[in-house]
Amino acid sequence: MINSDKIIGIMGGTFNPIHKGHTGIARCAYEQSDIDEILFMPSGTPAYKDNSPIVSATDRCNMVKLAIKPFDYMSLSTIETDRPGNTYTADTLAQIYDSYKKIYFIIGADSLLYIQDWYHPEYICSHCHLLCANRDNNSADVLIDQKHFLADKYGAVIDFIDVPELPYSSTDIRKKVAMGLSVKEDVGEEVEEYIKSRKLYV
């Protein structure tokens, strides 16, 4: 039984660190859909990544809170960092599915192209509406083909959102910090100060 009339969007990721590309995509998703609130969900132990360079969940959550502070429709969810073991999107959707009227899952084009390889893609595709941001300059034809493939195989509902050029990369930001370079233009002043104060990525 649905116990809320709220329509949410989920922004998932390691956010190691969060940057203006993440908030930029969230803003576009909010402006181009009927989303009421966007939940930023830092992953606990990502199932598909090498976790060695990932800073603590506490630090990543604190950086998210600082980055989204200017946006009243964005909030932090610790549902994945609070859950032990590997983090799977299907498990998260199962945990919250009955809590909202509708759930959008906001992903990049790179994720859309490989979502069939995720844990229980059939559950993901049948329990949320996928919003895809093509910030990786993938071919429109390739993405449309993938949309039809996922719709035919899993009944997925997928829409594309228009995003401006967002030249931000967590990997590049970590490298810049390690080199002693400023990342204020990438992450904002407060997140940069947090990174410095906690001596992250050095």
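Note that these values count all heavy atoms, side chains included, but never hydrogens, waters or copies made by symmetry. In this chain, residues are counted from 1 in sequence order.
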Short question: side chain of [X], backbone of [Y] - any donor-acceptor pair under 3.5 Å?
| X | Y | value |
| --- | --- | --- |
| His148 | Asp145 | no |
| Lys102 | Ile7 | no |
| Thr87 | Gly44 | yes |
| Gln32 | Asp162 | yes |

Cut-off 3.5 Å, side chains only: do [X] and [Y] have a donor facing an acceptor?
| X | Y | answer |
| --- | --- | --- |
| Tyr201 | Asn16 | yes |
| Tyr30 | Asp36 | no |
| Thr92 | Glu80 | yes |

Over 12 foreign heavy atoms within 6.0 Å of [atom1], [X]:
| X | atom1 | value |
| --- | --- | --- |
| Glu31 | CD | yes |
| Tyr73 | OH | yes |
| Arg198 | CZ | no |
| Glu193 | CD | yes |

Would you compute the distance between atom [atom1] of [X] and atom [atom2] of [Y] and round it to the nearest 0.5 angstrom?
| X | Y | atom1 | atom2 | result |
| --- | --- | --- | --- | --- |
| Leu166 | Arg27 | CG | CZ | 10.0 Å |
| Asp59 | Leu200 | CG | CG | 5.0 Å |
| Ser169 | His19 | OG | NE2 | 6.0 Å |
| Ile107 | Met11 | CD1 | CE | 11.0 Å |
| Leu112 | Leu150 | CG | CG | 5.5 Å |
| Ile79 | Ser43 | CD1 | OG | 13.0 Å |

So which atom in [X] and which in [Y] form the shortest heavy-atom distance, rounded to 0.1 Å?
| X | Y | result |
| --- | --- | --- |
| Pro121 | Tyr154 | CG-OH, 3.5 Å |
| Pro17 | Ser170 | O-OG, 2.9 Å |
| Ile8 | Leu39 | CD1-CD1, 3.8 Å |
| Cys28 | Pro164 | SG-CD, 3.6 Å |
| Ile10 | Met41 | CG2-SD, 3.8 Å |
| Ala29 | Ile35 | O-CD1, 4.1 Å |

Leu66 vs Asn62, test: side chain to side chain contact (heavy atoms under 4.5 Å, CB included). Steps then yes/no.
CA-CA 6 Å; Leu66 291 171; Asn62 286 339; 5.6 Å; no
Non-hydrogen side-chain atoms of [X] and [Y] separated by less than 4.5 Å:
| X | Y | result |
| --- | --- | --- |
| His129 | Ile103 | no |
| Gln116 | Gln146 | yes |
| Met63 | Glu190 | no |
| Val163 | Asn134 | no |
| Thr78 | Cys61 | yes |
| Thr89 | Tyr119 | no |
| Leu130 | Val157 | no |
| Thr23 | Phe40 | yes |

Give the C-alpha distance, both sets of side-chain angles, the deciding distance and a yes or no for side chain to side chain contact (heavy atoms under 4.5 Å, CB included) between Val187 and Lys20.
CA-CA 6 Å; Val187 301; Lys20 292 181 180 179; over 6 Å; no
Partner of His127 under ring-ring contact (aromatic ring centres under 6.0 Å, His included), chosen from Tyr97, Tyr100, Phe105
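Answer after filtering Tyr97, Tyr100, Phe105: Tyr97.
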Quick one: do Asp172 and Val183 satisfy side chain to side chain contact (heavy atoms under 4.5 Å, CB included)? Show the steps, please.
CA-CA 10 Å; Asp172 291 344; Val183 292; over 6 Å; no
Taking 4.0 angstrom as the limit, do Asp5 and Lys101 come out as a salt bridge?
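Salt bridge between Asp5 and Lys101, a charged N being under 4.0 Å from a carboxylate O: no.
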Between Lys176 and Asp186 (salt bridge meaning N to carboxylate O under 4.0 Å), is one present in this structure?
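Salt bridge present between Lys176 and Asp186.
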Between Asp159 and Tyr104, does a side-chain hydrogen bond (donor to acceptor under 3.5 Å, both in side chains) hold up when you go through it step by step?
CA-CA 10 Å; Asp159 284 317; Tyr104 287 93; over 6 Å; no
Walk me through whether Arg83 and Gln95 qualify under side chain to side chain contact (heavy atoms under 4.5 Å, CB included).
CA-CA 11 Å; Arg83 194 168 64 229; Gln95 191 171 344; 3.0 Å; yes
Are Ile195 and Leu181 in one and the same hydrophobic cluster, where Ile, Leu, Val, Met, Phe, Trp and Tyr link if side-chain heavy atoms are under 4.5 Å apart?
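Different clusters: Ile195 never reaches Leu181 through Ile, Leu, Val, Met, Phe, Trp or Tyr contacts under 4.5 Å.
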Give a yes or no on whether the ring-centroid distance for His120 and Tyr88 is below 6.0 angstrom.
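Not close enough - the centres of the two rings lie 6.0 Å or further apart.
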